[in-house]
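A note on names: the letters A, B, ... follow the listed sequences, proteins ahead of strands, and every chain is numbered from 1. On a predicted model such as this, the values are computed, not experimentally measured, just so you know.
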Protein chains: 4
Amino acid sequence: MGRRGTAVGTVGTPGTKSRGGHKRMPRAVREQQMLDAAVTGFARHGYQAASMDDIAEAAGVSKPLVYLYLKSKEELFTACIRRERAALVEAVRAGTRERGTSADQQLWDGLCAFFAHTAASPDGWTVLHRARTQGEPFASEVAAMRVEITELVRSLLGQAAQDAGCDGDLAEREVSGLAHALVGAAESLAEWANARTDDAPTAKETAATLMNFCWAGLENLMKGSRWTPGPRAR
Amino acid sequence: MGRRGTAVGTVGTPGTKSRGGHKRMPRAVREQQMLDAAVTGFARHGYQAASMDDIAEAAGVSKPLVYLYLKSKEELFTACIRRERAALVEAVRAGTRERGTSADQQLWDGLCAFFAHTAASPDGWTVLHRARTQGEPFASEVAAMRVEITELVRSLLGQAAQDAGCDGDLAEREVSGLAHALVGAAESLAEWANARTDDAPTAKETAATLMNFCWAGLENLMKGSRWTPGPRAR
Amino acid sequence: MGRRGTAVGTVGTPGTKSRGGHKRMPRAVREQQMLDAAVTGFARHGYQAASMDDIAEAAGVSKPLVYLYLKSKEELFTACIRRERAALVEAVRAGTRERGTSADQQLWDGLCAFFAHTAASPDGWTVLHRARTQGEPFASEVAAMRVEITELVRSLLGQAAQDAGCDGDLAEREVSGLAHALVGAAESLAEWANARTDDAPTAKETAATLMNFCWAGLENLMKGSRWTPGPRAR
Amino acid sequence: MGRRGTAVGTVGTPGTKSRGGHKRMPRAVREQQMLDAAVTGFARHGYQAASMDDIAEAAGVSKPLVYLYLKSKEELFTACIRRERAALVEAVRAGTRERGTSADQQLWDGLCAFFAHTAASPDGWTVLHRARTQGEPFASEVAAMRVEITELVRSLLGQAAQDAGCDGDLAEREVSGLAHALVGAAESLAEWANARTDDAPTAKETAATLMNFCWAGLENLMKGSRWTPGPRAR
DNA sequence: GATGAATGAGCCTTCATTCAT
DNA sequence: AATGAATGAAGGCTCATTCAT
């Protein structure tokens, strides 16, 4: 599933594994195999519970080789995060690439790309999601990704606001809050969608739900109209 | 043998910790102290990385006592989750107690209570948040809480839909998705708000941001009006 | 990190143990060293009281290596039992191998082999002896050995009975009881003989004592003659 | 079973246990209750595995009281051994008390008493049996009992030898060996008999088996006749 | 006479990491 | 390029034992 075939244990020429003959392979390939195994392992068990032994075995190599290429568990995990982060951001960027469309269309395209990617690569997504709660330095790495995405959203909202003739009414901090709300809602929906093994909604359905959820509100804000608590508010 | 210190290097700085000897205290009190220390520890390092040694020391007691009262690391963590879950749900429920107001007022009240509680008890919130990714049986415990809250939201939305004269148009699954989006957005905002050490928004400000974000959309849906991708959507 | 000793108070007398660094050795050899150390440790302190720390140290390796090769304390103990059991049974079998001699000669040969082996490998014998009272799954393992040996004795007695023309007079249960009595007597004598540090009887002397003790009775039984309590027996 | 009712947990007035009211009882009685619980616990789990917590709970008292009366786990176990030892030896002595009968009758009486006692008090017997393999100082205690019993047997054999007109032919050491063989056979049979939950032989049947096993040989020895290996003996 | 509260010490086990080949 | 052999450091858990009431 995930990506790039993570066949457990036997790589290349299956059945050869014993008898001293270790397949010589170019470094780059081996590294990707290791990262594949690591992503699966970390997704399945979390950072702490995943063991280097298991990862090495799943990658079909010996532990010293993992250390030779990736230095330490921490760096291995960081490498996983970085690879998956790049893949996700690239996917979303690719979805939004077409300029010249309206703001809601752009947002919709981005969300579709996001949900499609997380559905296609659930282990990668799980790693990113879990990494947020694994303390430093992993949280920063994911936070950086969040900023990247949030930036995308913010520029989109800001531009849309300008187009709508609403200049500067939205405070910097409010936009930031809205972007976080949007990202959080998207993450939560992605998890919810992935968890449904049967009857899973398509990426587009999920994206539509989210657009329905938030677009009207965002549009209002850009027009300067806002919700306020009724007079009874204590 | 009590104290007398046999271990070389452990003595030396007496007076550190809570004044040497072991204070006698009723069990209930000690248990709360332990839970306090545990919540802090688990929030800071996560379930796996937090060590029972550290928690015991932070609680000002010896490890065996922790085990005597709370049986195991797993049960200790579960106890933390349960305590914080109960506190959070109770806080939200208390905020929503007043009946007879409109749906948006009720949602607003609930969100205010939620953001106020997570801001007041950030470690408790972090524990709940992190527990979701720590595997069984913790995930279930938190999932149950999420269901509790989601249920609240769903009944609110459902009732509002009826009031708005829209009967049954919203599919079961769509409502579920919306509730998840709302909860995810709230969680994300809570984290964002708590992370700002200076210039932190108040609970009401955060709640207002979220209401602005989503209420218009929800209202539309209840009236049967929805967002759809433009004609160009591939 | 190798050695460098961080623990305060552990350094000081270098050269103790097998000369500092870790000698590389093939797995099979190391495993035997571990089993040797374990047999000694378990014989000396019993299963529960023997500590893996001590066993590892006595074997000249670190604890993790013991776990790497032998999985757990339970499996280590089981491995000891199995090794010693095989050695003992093989020794007795080898002693009885020559066929064609009379029953008493065969029994005598087996006993000589038994006492010679237990004298030559007292720790191994102690492990087997103690294992019987260490609960499952160890008791079964030793029980199986006892059955093996008891079977030997029973077939010998049965055959001798046939040769003596006594067919079937000895009830199944009585033969079983006799075999247990014989084995118990042998075990007790082995312990007694081993305990005498000076003036220890040779294996043959001990075997002779036992033959004197029981052979006449067994012979009588095979002839159908038995001891009965006098008329006064209440 | 065992003896003196070891009702688990509730003593005296059942149901009262909570509510502060701890039955005041004379020390001697409490001590016996503790010993009862301890004998059961040690028999069931062995010295190391039996925990003071469990014993105290089974005795229906708190741990400090056990320590107040019996000082330590070691002394508690020793006390158990001593009590059971005294009971067993007394039982055997009582069986042999009648003088004036022939040597085989006396031995028969003693064996009957032995098997009857071990069958009636299996936990007590198990404790004695297991204590032999629990290292010092317990082994000595049991060894002392063995000496006591072996002495009995020796004096019986010695006297019988004199009656049979065989003066001094039996070396000191040989008699000692024979006595050990007899005791070992008896122990093994006791265990074998107790292990059969159904179809268990009576004490007299077991005693008869043992008499058949050994009496002829002993009688021969007292007459100066012995078994010797055939000419082929290497 | 009796106990609830508390602890020092140690044990089994596992893990990330390295050295020598 | 790749690995079998090996270990320091810690972590979860339990136990015998003792104060203070």
For DNA chain F, please output the secondary structure as dot-bracket, reading 5' to 3'. Pairs are Watson-Crick or G-U wobble, both atom distances under 3.5 Å; mark crossing pairs with [ ], other-strand partners with |, unpaired with a dot.
.||||||||||||||||||||
Could you tell me the separation between the NZ atom of K73(B) and the C1' atom of dT14(E), rounded to a whole number of Å?
13 Å
Donor-acceptor pairs are to be reported for all side-chain atoms of residues 131-140 of chain B against protein atoms at under 3.5 Å, with residues two or more places apart or in another chain.
unit_1	atom_1	unit_2	atom_2	d
R132(B)	NH1	E187(B)	OE1	3.1
R132(B)	NH2	E191(A)	OE1	2.3
R132(B)	NH2	E191(A)	OE2	3.0
T133(B)	OG1	T133(A)	OG1	3.4
T133(B)	OG1	R130(B)	O	3.0
E136(B)	OE1	S140(B)	OG	2.1
E136(B)	OE2	S140(B)	OG	3.3

Listed pairs under 3.5 Å, donor-acceptor, residues 59-68 of chain A side chains, sequence neighbours left out:
unit_1	atom_1	unit_2	atom_2	d
K63(A)	NZ	D53(A)	OD1	3.3
K63(A)	NZ	D53(A)	OD2	3.4

Respond yes when some side-chain nitrogen or oxygen of Y67(B) is under 4.0 Å from OP1 or OP2 of dT7(E), and no when none is.
no
Taking CD from Q48(D) and P from dC12(E), how many angstroms apart are they, rounded to a whole number?
11 Å
Pick the closest DNA chain E nucleotide for R27(D) and for A50(A) by heavy atoms, then say which residue is nearer the 5' end.
R27(D)
Could you pull out all residues at least two apart from E74(D) that satisfy side-chain hydrogen bond (donor to acceptor under 3.5 Å, both in side chains)?
none
Partners meeting side chain to side chain contact (heavy atoms under 4.5 Å, CB included) with D54(C) (sequence neighbours left out):
S51(C)
Assess whether one donor atom and one acceptor atom, taken from the side chain of K63(D) and the base of dT17(F), lie less than 3.5 Å apart.
yes
Of all residues at least two apart in sequence or in a different chain, which pass the side chain to side chain contact (heavy atoms under 4.5 Å, CB included) check with E31(A)?
R27(A), Y69(A)
Rounding to an integer number of Å, can you tell me how far E57(C) CD sits from dA6(F) C1'?
16 Å
note: F42(B), atom CZ; dG11(F), atom C1'; distance rounded to Å ~ 13 Å
Starting from C1' on dA16(F), measure out to CD on E75(D) and report it in whole angstrom.
14 Å
